[in-house]
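Working notes, structure below.
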Amino acid sequence: MVGVLVLGAVVRVWAINSLGFNTDEAVYAGQAAAIAQDPELKDIFPIFRAHPLLFQFFLALLFSFGTIDLLGRLAGVAVGLATVFLAYKLGELLYGRRTGLVAALLLALMPYHVIVTRQVLLDGPMALFATLTLYLLARFAQTQAPVWLYAAGAGMGLTFLSKETGIILLSGIYGFLALSPEIKVRIRDLAIAMASMAIVIAPFPLSLMLAGGRGSQTTGEYLVWQLFRRPNHEFTFYPTVVPPALGLLVIGAAVLGLVFVWRQQTWREKLLISWILVPTLFFQIWPVKGFQYLIAVAPPLAILAAQAISRFNPQIVRGFGWEMDTPWMRPLLTLIVALSLAIPTIGVIQPSSSSQFLAGTGGVPGGREAGRWIEANTPEGSRLLTIGPSMANILQFYGHRRAYGLAVSPNPLHRNPSYEPLDNPDLLIRNNELQYVVWDSFSAARSSFFSDGVMRYVNRYHGRAVHTETVVVSTPSGDVNKPVIIVYEVRP
């Protein structure tokens, strides 16, 4: 197990800080910096935005020594490795030590889990506490001791405090208990478990009420915005993007394992299947999709695959008059599945120089460098206009300057309430309240309309390119430097 954790640490730490934060990382790290009272960021990033603050408070403890992006990412790695260990303990509890070790190995190398836990995202901590809840629920099912159900309720509370979407796993618990009549549950014990969850969750709404300002109002506005958001990806996004990241052989092994035990399936399979199906179906139906949203299914999927691999044990292979002892078949199968994960993982942890970006998959080339140039070369108090809020968040974190996204809608139903719309950028530039306009290829690839809008302001107000960040891309004629971020100075 120590070897598995070391292997998991290597693939998560390798070149981890070669690229700066993406927009979500900048937001969560900015919140943590505000909690830690960072003098340069506390007035730029509000503490209360959309999500609960468990992970941000933990980051704030680290940022009390200095707001360093590497510290935030190493915290994400620690969360990922803790989840790997929990997968081992859960696999051991359900199917034995061999299954636990194989499950931990698969999760340690899985591209999906590696990518997410190399970043400052809330989904990694949410998956950690979801797996803890799953473990506690399994202990309850195995022992029938109510104290484990109460602890599972507290685990669900921690899952919610990591990211509020984790609450949907309550449906997984309900489905498991409904499909498992052999697990006896009293209404009184369920009520106490729900009370345990409510007590753990209580600090978040209490902090909103006691903090004053617009914290509770912003949270309500965010809920309305989430309910009425337009789809941001095609309906086929998850079926096409997530399975390769989970590992096709892992999925295949899990499915075959279920087929083999379908007739004699126990509460163990029902528990894992419920934990996988609920978030998968919910986020497939939910119009807003994100690469990292299904991360909670990775540990139970790895355990199901490990269970199938551990059960595969043909001691003797016979055919055409010969037979062969094959004790090496199971280790070979484990190695093949592990390599099918390790090879793509090695590819995704290499620093990217792409001029396009999928949210949730890693850092943004040039963002940190552009932000630091802005901090060093623009007057204090300068303000920037960007294509959208994604690049604005990155430049605010690294550049310590206010930035506004042109794409932020003035309609409250169509925008994140944390972002401030600009009703009249022309007037702000004419009054010298906006001094810089920033174009970036990542936002331009998503919205040519707002990219063209930003460039209209550049042309209208005598924009002069004062800084450019480039990446090296391969073309038929050789490697060329392609601009990904251009900072323009505009004048009234």
Side-chain angles (χ1 to χ4, degrees), residues 24 27-28 31-32 34-35 46-61 75 79 82-83 86 120-140 146-177 185-227 274-275 278-279 282-283 286 290 292-293 295-297 299 417-418:
D24 287 338
V27 167
Y28 303 139
Q31 286 180 283
I35 295 171
I47 294 176
F48 295 103
R49 290 174 68 106
H51 305 292
L53 297 167
L54 180 62
F55 187 53
Q56 294 91 316
F57 269 105
F58 177 72
L59 287 181
L61 297 176
V79 166
T83 310
L86 273 178
V120 183
L121 297 176
L122 305 185
D123 305 86
M126 186 271 290
L128 168 65
F129 290 114
T131 307
L132 174 63
T133 303
L134 190 60
Y135 174 81
L136 296 170
L137 198 59
R139 290 295 299 266
F140 166 70
V147 66
W148 293 111
L149 185 62
Y150 309 156
M156 274 302 306
L158 292 172
T159 304
F160 176 89
L161 286 182
S162 299
K163 193 173 184 181
E164 74 284 355
T165 53
I167 201 68
I168 64 172
L169 290 171
L170 278 177
S171 298
I173 296 176
Y174 173 80
F176 162 63
L177 295 177
V185 186
R186 296 181 299 177
I187 299 298
R188 173 177 173 272
D189 293 332
L190 280 176
I192 295 175
M194 293 297 291
S196 299
M197 182 182 72
I199 291 171
V200 173
I201 291 174
F204 178 59
L206 286 175
S207 63
L208 288 174
M209 291 186 292
L210 297 176
R214 297 186 68 253
S216 56
Q217 181 181 346
T218 298
T219 302
E221 292 172 348
Y222 180 82
L223 177 61
V224 173
W225 173 66
Q226 286 283 45
L227 291 175
S274 298
W275 218 251
V278 165
F282 176 84
F283 285 113
W286 191 254
Q292 71 273 26
Y293 289 179
I295 190 62
V297 311
S418 301

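- Side-chain contact between Ser162 and Leu54 is present, with heavy atoms from C-beta onward closer than 4.5 Å.
- Between the Ser196 side chain and the Ala154 main chain, no donor and acceptor come within less than 3.5 Å of each other.
- Here the closest heavy-atom approach between residue Thr133 and residue Gly155 is recorded as OG1-C, 3.0 Å.
- Across all their heavy atoms, Gly172 and Ser274 have their closest contact at O-CB, 3.5 Å.
- Taking all atoms of both residues into account, the shortest heavy-atom contact from Pro52 to Phe204 is CA-CE1, 3.5 Å.
- Here the straight-line distance linking atom OG1 of Thr159 with atom CE of Met197 works out to 10.0 Å at 0.5 Å rounding.
- Residue Phe282 places its CZ atom among more than 12 non-hydrogen atoms of other residues, nucleotides or ligands, all under 6.0 Å distant.
- For the side-chain contact (heavy atoms from CB on, under 4.5 Å) criterion with Leu149, the lone passing option out of Leu136, Val185, Ile192 is Val185.
- Smallest separation of non-hydrogen atoms from Ala34 and Ile47: CB-CG1, 3.8 Å.
- Separating the CZ atom in Phe176 from the CG atom in Leu134 is a distance of 9.0 Å, to the nearest 0.5 Å.
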Exercise for review: Could you walk me through whether Leu190 and Leu177 pass side-chain contact (heavy atoms from CB on, under 4.5 Å), step by step?
Suggested key: CA-CA 11 Å; Leu190 280 176; Leu177 295 177; 4.1 Å; yes

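- Across every non-hydrogen atom of Ala130 and Leu169, the tightest pair is CB-CD1, 3.6 Å.
- Between the CG atom in Asp123 and the CD1 atom in Ile295 there is a gap of 7.5 Å [rounded to 0.5 Å].
- Enclosure of atom CG in Leu206 by more than 12 non-hydrogen atoms of other residues, nucleotides or ligands within 6.0 angstrom is indicated.
- Rounded to the nearest 0.5 Å, atoms CZ (Phe129) and CE (Met156) are 12.5 Å apart.
- The distance from the CD1 atom of Ile167 to the CZ atom of Phe160 is 6.0 Å, given to the nearest 0.5 Å.
- Rounded to the nearest 0.5 angstrom, Leu86 CG and Tyr135 OH are separated by 8.5 Å.
- Inter-residue side-chain proximity for Trp275 and Val297 is flagged as unmet; no heavy-atom pair is nearer than 4.5 Å.
- With a 4.5 Å cut-off on side-chain heavy atoms, Thr165 and His51 do not count as touching.
- When side chains are defined from C-beta on, Phe55 does not count as touching Gln31, because their heavy atoms never get closer than 4.5 Å.
- Of all the heavy atoms in Leu161 and Val200, the pair that sits closest is CD1-O, 3.2 Å.
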Review point. Under the side-chain hydrogen bond (donor to acceptor under 3.5 Å, both in side chains) criterion, do Asp189 and Tyr150 qualify, and how do the steps go?
Key: CA-CA 7 Å; Asp189 293 332; Tyr150 309 156; 2.7 Å; yes

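- Using a 4.5 Å cut-off on side-chain heavy atoms (C-beta onward), Ile168 and Phe283 make contact.
- Here the side chains of Leu122 and Gln56 are in contact, with some heavy-atom distance below 4.5 Å.
- Using a 4.5 Å heavy-atom cutoff, the side chains of Lys163 and Pro125 are not in contact.
- Side-chain contact between Trp148 and Leu137: absent, with no pair of heavy atoms (C-beta onward) separated by less than 4.5 Å.
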